[in-house]
Every structure is written in structure tokens, then in C-alpha cells.
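Note that the structure is a prediction, hence the values are computed from the model and not measured. When a residue number appears, it is its place in the shown sequence, counting from 1.
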Amino acid sequence: MAATGDDAAAMDSISRAPAAPNPAATSSGHAEGPVDASESLAVAPKKHSTNSDGGVETAEEAVEPAEPDINELCTDMFEKMAIFLQGELTATCEDYRLLENMNKLTSLKYMEMKDISINISRNLQDLNNKYASLQPYLDQINQIEEQVSSLEQAAYKLDAYSKKLEARFKKLEKR
């Protein structure tokens, strides 16, 4: 079965040999810059022919552009690669500068925190010393509290005993 339409045109363009370079494009000796492949293709006129395969049309033939100067392309590539690498290195340097600044700032914050912790430690030591100096007085207060508690118990016992005596006295008085 023979190919028709777009399939035939695609196969036809693939099977054709590339055309010779365009002498007008290489006469200047260097390219003016990157050339779009679709603009640089020379287009052959369309051939309308009919054959026994059902009237297959052939597609336009694409002609390869002239080879640009390899040295210029290499130079252009190296310049662009240098610009790219310079940008990458610049970005990396900026990242390291930012990291360095962040480390310096963090170091300062830790120094501040160290000073604060030293002050807190000093104040805690002062409080511990004051507590130690007050400890004899606190011990006396605890002793007095125990004595008051035992005195209170004695007062309750005395009150209970006096109530019993009063009740006996009233009982004896009634007789």
C-alpha cells in the first residue's frame, strides 16, 4: 500500500539528500549571529505531479543552511558559557557573604545571651548567699513555730480540763 498525503510528503523529505551549501551565505566569511533554522531553509518550489499511486503530491524540499563558521560559534559559546559561569560564581559568592553575615549576627546574639546568662548566674549566686545568711533566722522561726504549736496544744488541753472541772463543780454544787 502506498503512502498518501502528509505521510508521503514526510517520507519524501527524509529520503532526499541534503543540498549543497548556499555560496551567498558563506561569502561574507562570518555569520551575523544566530540564524533561525526556519528562516535559513531554502524552499524548493512545490512539484505537483500525479502518478499511478492515486495522485500523491510531493512536499516542499528543505535545503540545509550553509555551515556557519565553527570558530565564531565556539567563541560565542565560550563567551556565553563564561557569562553563565560568572553569574553562577557571583551567586555562590553572594550566598557565602550572606552566610558569613548570618554567622556574625548569630555569634553576636550568642555573646549577648552569654552575658545575660552570666548576669543571671551572678544574681542567683547573690540570692543563694542571702538565703544562706538568713538561714539561722529561718531556723529560729521554725523553732518558734514548733513551740507555739506545742503551747497551743497545751492550751487546748488546759481548756478541756477546766471545762471538766467546772462541770464537776456545778454537779457538786447542786447536791
Side-chain angles (χ1 to χ4, degrees), residues 1-139 141:
M1 175 184 223
T4 60
D6 290 336
D7 292 335
M11 284 192 282
D12 188 40
S13 66
I14 292 171
S15 65
R16 293 183 191 249
N22 186 356
T26 58
S27 64
S28 66
H30 68 296
E32 290 295 320
V35 178
D36 190 339
S38 62
E39 293 174 0
S40 65
L41 294 178
V43 179
K46 219 178 210 184
K47 298 178 184 176
H48 295 283
S49 64
T50 56
N51 57 15
S52 62
D53 288 340
V56 176
E57 291 183 17
T58 59
E60 297 175 358
E61 183 178 337
V63 178
E64 288 188 16
E67 286 190 27
D69 188 21
I70 301 254
N71 289 335
E72 289 180 18
L73 288 177
C74 286
T75 304
D76 186 44
M77 180 198 62
F78 283 125
E79 288 173 356
K80 290 180 180 176
M81 187 60 100
I83 291 170
F84 170 75
L85 291 175
Q86 187 66 35
E88 287 292 317
L89 291 175
T90 301
T92 303
C93 286
E94 291 299 320
D95 288 344
Y96 280 121
R97 280 192 199 110
L98 177 64
L99 189 59
E100 182 181 9
N101 289 339
M102 289 171 56
N103 283 341
K104 286 179 182 177
L105 197 79
T106 303
S107 175
L108 289 174
K109 287 290 183 181
Y110 278 123
M111 288 179 129
E112 288 176 10
M113 289 171 59
K114 176 185 162 196
D115 292 341
I116 290 171
S117 65
I118 287 172
N119 287 336
I120 289 173
S121 175
R122 189 178 306 127
N123 290 339
L124 182 63
Q125 187 66 32
D126 289 345
L127 284 175
N128 285 337
N129 290 338
K130 288 178 183 177
Y131 181 76
S133 67
L134 290 175
Q135 189 62 42
Y137 300 113
L138 294 174
D139 291 340
I141 290 172

Shortest non-hydrogen pair, Ser133 vs Pro136, comes out as O-CD, 3.5 Å
| message | So that I can tick it off, tell me whether Lys80 and Asp76 are bridged by a salt bridge, with the cut-off set at under 4.0 angstrom between side-chain N and carboxylate O. | response | yes
Out of curiosity, [X] [atom1] to [Y] [atom2], how far, rounded to the nearest 0.5 Å?
| X | Y | atom1 | atom2 | result |
| --- | --- | --- | --- | --- |
| Met102 | Lys109 | CE | NZ | 13.5 Å |
| Asn129 | Leu134 | CG | CG | 11.0 Å |
| Ile118 | Asn123 | CD1 | CG | 12.0 Å |
| Ser121 | Ile116 | OG | CD1 | 13.5 Å |

- Before giving the answer on side chain to side chain contact (heavy atoms under 4.5 Å, CB included), spell out for Leu138 and Gln135 the whole-Å C-alpha distance, their side-chain angles and the decisive distance to 0.1 Å. CA-CA 5 Å; Leu138 294 174; Gln135 189 62 42; 4.2 Å; yes
| said: Surrounding CE of Met81 (heavy atoms of other residues, nucleotides or ligands, distance under 6.0 Å), is the total greater than 12? | reply: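 12 or below, so no.
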Please list, one pair per line, the donor and acceptor atoms closer than 3.5 Å that link side chains of residues 84-95 to other protein atoms, with sequence neighbours excluded.
residue	atom	partner	partner atom	Å
Thr90	OG1	Gln86	O	2.7
Thr92	OG1	Glu88	O	2.9
Glu94	OE2	Arg97	NH1	2.6

By salt bridge (Lys or Arg N to Asp or Glu O under 4.0 Å), Glu112 pairs with (sequence neighbours left out) none
